[in-house]
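It should be emphasised that the depicted structure is a prediction, and the values quoted were computed from it without experimental measurement.
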Amino acid sequence: FAVSDISGVPIFDVNSSGISYFDGKVGIGIANPLYQLHVEGPSGIVSRITDGTQSIDLYTGSGLSEISATTKLLLSTSGTTALTLDSSQNATFAGNITVGDGHFIGDDTFDNLLLQSSSGENLILSAANDLIFYTGGSSPTSYGTQRLRIFNSDGSATFAGSITGTSANFSGIVYSSGGFRTGSTNSGYNLLTRDNNNGSYPFYCQNSLGISGDAAIARFAYGSYGAN
């Protein structure tokens, strides 16, 4: 079956194999289609593709446009799934993510998770309450062991392990269940505190001999105690 224009050129053809051919634009719900397939209808689902069980819907109206799937929704490029959205609204990306002007979330060359800001910009971590760091987590519901907690209330920090580095500056209180130890053999101070002449003691400790307060500020390698 075929329909031709006045010059004899087929514009609509359905052959015995069930293949249909349209020469031009096709409009559904619109008399003057602007695209090869132009569907227009009232607010709601305007298109549904289904195998009888699973379906994908195209929805428009109420100031939004939506693609909805019965179960998982997969977006693929070059035959490979790039993004998977499951029925619990979890998203899995097969590749890296670039945000804004070049901020990067993805794998480094050793397959570790890398968070990197774009050139010349900062990386900011902000929490509505405390900021907590864990290691050893195995899943989104199994965090592992808490290693560092920075409290929103006063800016103090609690460390579960040791701190290793050349220098550190803290504006709040630092708690350590294992104490602070220095091992430098160079001359000068290994541990230095100041009270800014305000009459308070910035470093307070109590040792096993019962010496406490400013008189127990430091314990040296040969067992001597003293305050400066």
Side-chain angles (χ1 to χ4, degrees), residues 72-75 80-186 188-196 198 200-208 212-214 216-221 228:
K72 291 182 178 181
L73 178 62
L74 280 67
L75 300 180
T80 301
T81 300
L83 170 62
T84 301
L85 301 174
D86 66 18
S87 57
S88 298
Q89 293 76 54
N90 298 311
T92 301
F93 292 86
N96 301 318
I97 304 172
T98 301
V99 182
D101 59 356
H103 306 301
F104 178 88
I105 304 174
D107 291 334
D108 67 1
T109 54
F110 300 100
D111 202 30
N112 299 309
L113 175 62
L114 174 63
L115 303 178
Q116 187 176 58
S117 64
S118 58
S119 178
E121 299 187 8
N122 299 320
L123 179 63
I124 300 173
L125 299 178
S126 177
N129 198 27
D130 298 346
L131 184 60
I132 309 172
F133 295 85
Y134 291 81
T135 61
S138 58
S139 70
T141 57
S142 178
Y143 304 146
T145 303
Q146 180 177 312
R147 303 299 186 184
L148 168 62
R149 188 182 194 118
I150 303 174
F151 293 90
N152 177 56
S153 57
D154 59 1
S156 60
T158 299
F159 295 85
S162 59
I163 305 173
T164 302
T166 57
S167 64
N169 297 298
F170 301 96
S171 59
I173 302 171
V174 179
Y175 299 95
S176 173
S177 59
F180 295 89
R181 182 180 67 179
T182 60
S184 174
T185 58
N186 297 328
Y189 296 102
N190 283 335
L191 184 60
L192 175 64
T193 64
R194 298 180 183 274
D195 65 3
N196 296 322
N198 62 7
S200 63
Y201 299 107
F203 190 89
Y204 182 93
C205 66
Q206 180 171 343
N207 56 47
S208 60
S212 62
D214 61 323
I217 287 182
R219 178 175 182 177
F220 298 96
N228 191 4

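- For the pair I97 and V99, the tightest heavy-atom approach, listed with the atom from each and the gap, is CG2-CG2, 4.0 Å.
- Between the CG atom of L73 and the CD atom of Q89 there is a distance of 11.5 Å, given to the nearest 0.5 Å.
- Within the 4.5 Å cutoff, the side chain of T84 has heavy atoms near those of the K72 side chain.
- Partners of Y143 according to the ring pair (Phe, Tyr, Trp, His ring centres under 6.0 Å) rule, which considers only residues two or more places apart in sequence or in another chain, are Y134.
- Summarising the geometry, atom CD1 belonging to I150 is positioned 9.5 Å from atom OG belonging to S156; distances are rounded to the nearest 0.5 Å.
- Of the possible polar contacts, one joining the D86 side chain to the S88 backbone as a donor-acceptor pair under 3.5 Å is found.
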Could you give me the CA-CA distance, side-chain angles and deciding distance for N90 and T92, then say whether side-chain contact (heavy atoms from CB on, under 4.5 Å) is met? CA-CA 7 Å; N90 298 311; T92 301; 5.7 Å; no
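- The minimum heavy-atom distance linking D111 with D108 is given by the pair N-OD1, 3.0 Å.
- Going from atom CG of L114 over to atom CD1 of I105 covers 9.5 Å, rounded to the nearest 0.5 Å.
- Contacts classified as salt bridge (Lys or Arg N to Asp or Glu O under 4.0 Å) and involving residues 114-143 (residues at least two apart or in different chains) are given here: D130-R149.
- Separating the CG atom in L148 from the CD1 atom in I132 is a distance of 9.5 Å, to the nearest 0.5 Å.
- In this structure, CG on L115 lies 9.5 Å from CZ on F104, to the nearest 0.5 angstrom.
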Mind running side-chain contact (heavy atoms from CB on, under 4.5 Å) on T81 and F93 for me, showing each step along the way? CA-CA 9 Å; T81 300; F93 292 86; over 6 Å; no
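- A side-chain donor-acceptor contact under 3.5 Å links H103 to the backbone of S118.
- Rounding to the nearest 0.5 Å places CG of N152 at 10.0 Å from CG of L131.
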